[in-house]
Amino acid sequence: MGRRKKIVQECERLMDEPENIRNIAIAAHVDHGKTTLTDNLLAGAGMISDETAGEQLAMDTEEDEQERGITIDAANVSMTHEYEDTNHLINLIDTPGHVDFGGDVTRAMRAVDGALVVVDAVEGAMPQTETVLRQALREGVKPALFINKVDRLISELEEGPKEMQERLTAVIRDVNDLIRGMTEEMDDIDDWTVSVEDGTVGFGSALYKWGVSMPSMQRTGMDFGDIIDLEQADKRQELHERTPLADVVLDMVCEHFPNPIDAQPMRIPRVWRGDDESELAETMRLVDEDGEVVLMVTDIGVDPHAGEIAAGRVFSGTLEKGQELYVSGTAGTNRIQSVGIYMGGEREEVEEVPAGNIAAVTGLKDAIAGSTVSSVEMTPFESIEHISEPVITKS
Ligand code: GDP
């Protein structure tokens with residue numbers, strides 16, 4: 001059996017174990033390295049070859065994105081990762097980094113429970129960093145921070161350990177000031193600030209494929225001194241092999257982001273304005289795969305063979321071929337023609353997709369990005385607003 005087929009089979013098995021699922025987004029200001037990081041994760045999970053990660057830009061599936069060099073359409077991908085002897089299914093939704101696509105970012109955030117915010121170590125938090133954090137926190141999505149392009153501090157700016165530490169501390173402080181400012185009024189969110197000590201901050205270089213976090217340093221014995229030495233000596237391949245970025249980031253994802261069972265009870269009241277006391281609310285909070293089907297569509301893609309594909313989060317029930325489902329805002333029902341998951345830019349058909357997962361569905365001809373698709377008529381997820389860009393002052 002081919003490697004890819006094995007991965008698909010493993011994903012199918014893990015789809016039924018919601019406690020081992022993580023639905024995540026990677027979000028960043030444009031050019032801070034989201035695409036390069038994503039490629040690393042795909043390579044780390046065996047989805048694309050290690051050599052091509054960083055060049056392939058697997059998430060930029062649309063031709064015009066590659067031409068323009070920015071990601072404009074949220075693509076989705078599932079991968080597996082072993083953490084503490086247990087295999088996890090990581091469903092990753094790509095978010096557009098460009099300021100014009102704020103609505104798409106909000107939609108992507110609704111489908112996930114954790115957001116890895118990537119910040120360029122040289123530039124620090126930028127306006128779009130603030131916007132994506134605000135969108136995540138409003139949707140009840142837990143943040144973690146990855147400070148990227150640390151290689152540039154060493155090789156280009158020639159910073160020593162002290163300067164580097166000061167700079168990285170300042171980035172973390174700025175991000176936490178933003179998080180604190182946004183969550184202070186929210187009574188269902190305790191403390192979602194990030195810290196090196198609790199492992200919610202990672203550092204590294206998506207370009208050269210190495211990364212570190214407090215837990216990884218404890219595991220590998222590699223500290224910042226070793227990293228500076230190897231980076232200065234141009235031994236980046238060794239750095240990658242000794243402390244691979246994908247392992248550091250995917251461990252962080254499994255450890256710190258909530259699974260759907262922990263996330264949905266808190267998120268459903270926040271993102272859905274229907275009757276809290278209803279059975280439907282209860283099945284969504286419980287991630288009940290035997291409940292009514294509820295799918296929130298985050299993105300519509302076009303496949304040259306299969307036509308329009310709706311991707312989104314299954315909050316309750318189990319999606320299967322042949323189901324007749326209501327599409328919010330339209331009359332009548334649409335029939336599901338196939339269900340699948342994304343692997344890189346490609347869709348793989350599977351038998352069924354249960355609650356807690358990200359699904360790719362054909363046959364929903366009336367659905368648009370933002371539609372609620374369900375087996376009973378229901379209050380749709382609230383209408384999706386665009387958030388304008390606030391200006392932040394850098395300290
Ligand atoms: P995105 O817009 O956030 O998706 O950013 P990209 O992943 O496309 O990266 C933007 C640019 O930064 C590209 O030229 C990358 O090669 C470069 N880049 C990404 N990560 C790193 C890194 O860790 N170090 C350095 N030096 N450059 C990087």
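Indexing begins at 1, ligand by ligand and atom by atom, following the structure's order. What you are looking at is a predicted structure, and each value in this text was computed from that prediction instead of being measured.
- When the heavy atoms of Q128, H32, K149 are ranked by distance to atom 17 (C) of ligand 1, first place goes to K149.
- Ligand 1 has a nitrogen or oxygen under 3.5 angstrom from a nitrogen or oxygen of T36.
- Taking distance alone, with nitrogen or oxygen atoms compared against 3.5 Å, G204 stays at or beyond that limit from ligand 1.
- Atom numbering of ligand 1 starts at 1 in the shown order; those under 4.0 Å from a heavy atom of S205 are 22 (C), 23 (O), 24 (N).
- At distances below 3.5 Å, not a single donor-acceptor pair connects side-chain atoms of R285 with backbone N or O atoms of I268.
- Test N176, V141, L137, T200 against W192 for side-chain contact (heavy atoms from CB on, under 4.5 Å) and you get one pass: L137.
- In terms of N/O distances under 3.5 Å, ligand 1 is approached by G33.
- Those atoms of ligand 1 with a heavy atom of R152 less than 4.0 angstrom away are 26 (N).
- Around atom 24 (N) of ligand 1, the closest heavy atom drawn from L37, D151, T35, V150 belongs to D151.
- Both the sub-6.0 Å distance and the 45° axial angle are not jointly satisfied by R22 relative to the ring of F257.
- Looking at Y208 next to ligand 1, no N or O pair under 3.5 Å apart turns up.
- Here the side chain of N40 pairs a donor or acceptor atom with the backbone of A206 at under 3.5 angstrom.
- Below 4.0 Å from some heavy atom of K34 lie the following atoms of ligand 1, by number and element: 1 (P), 3 (O), 4 (O), 5 (O), 7 (O).
- With hydrogens and angles disregarded, a donor-acceptor distance shorter than 3.5 Å links the side chain of T298 to the backbone of A311.
- Residue-ligand proximity, D31 to ligand 1, at heavy-atom distances under 4.0 Å covers atoms 1 (P), 2 (O), 3 (O), 5 (O), 10 (C), 12 (O).
- Panel note: side chain T243, backbone L239; no donor-acceptor pair is recorded below 3.5 Å.
- Note on ring orientation: taking the six-membered ring where Trp is involved, the planes of F381 and W272 are tilted (angle from 30° to 60°).
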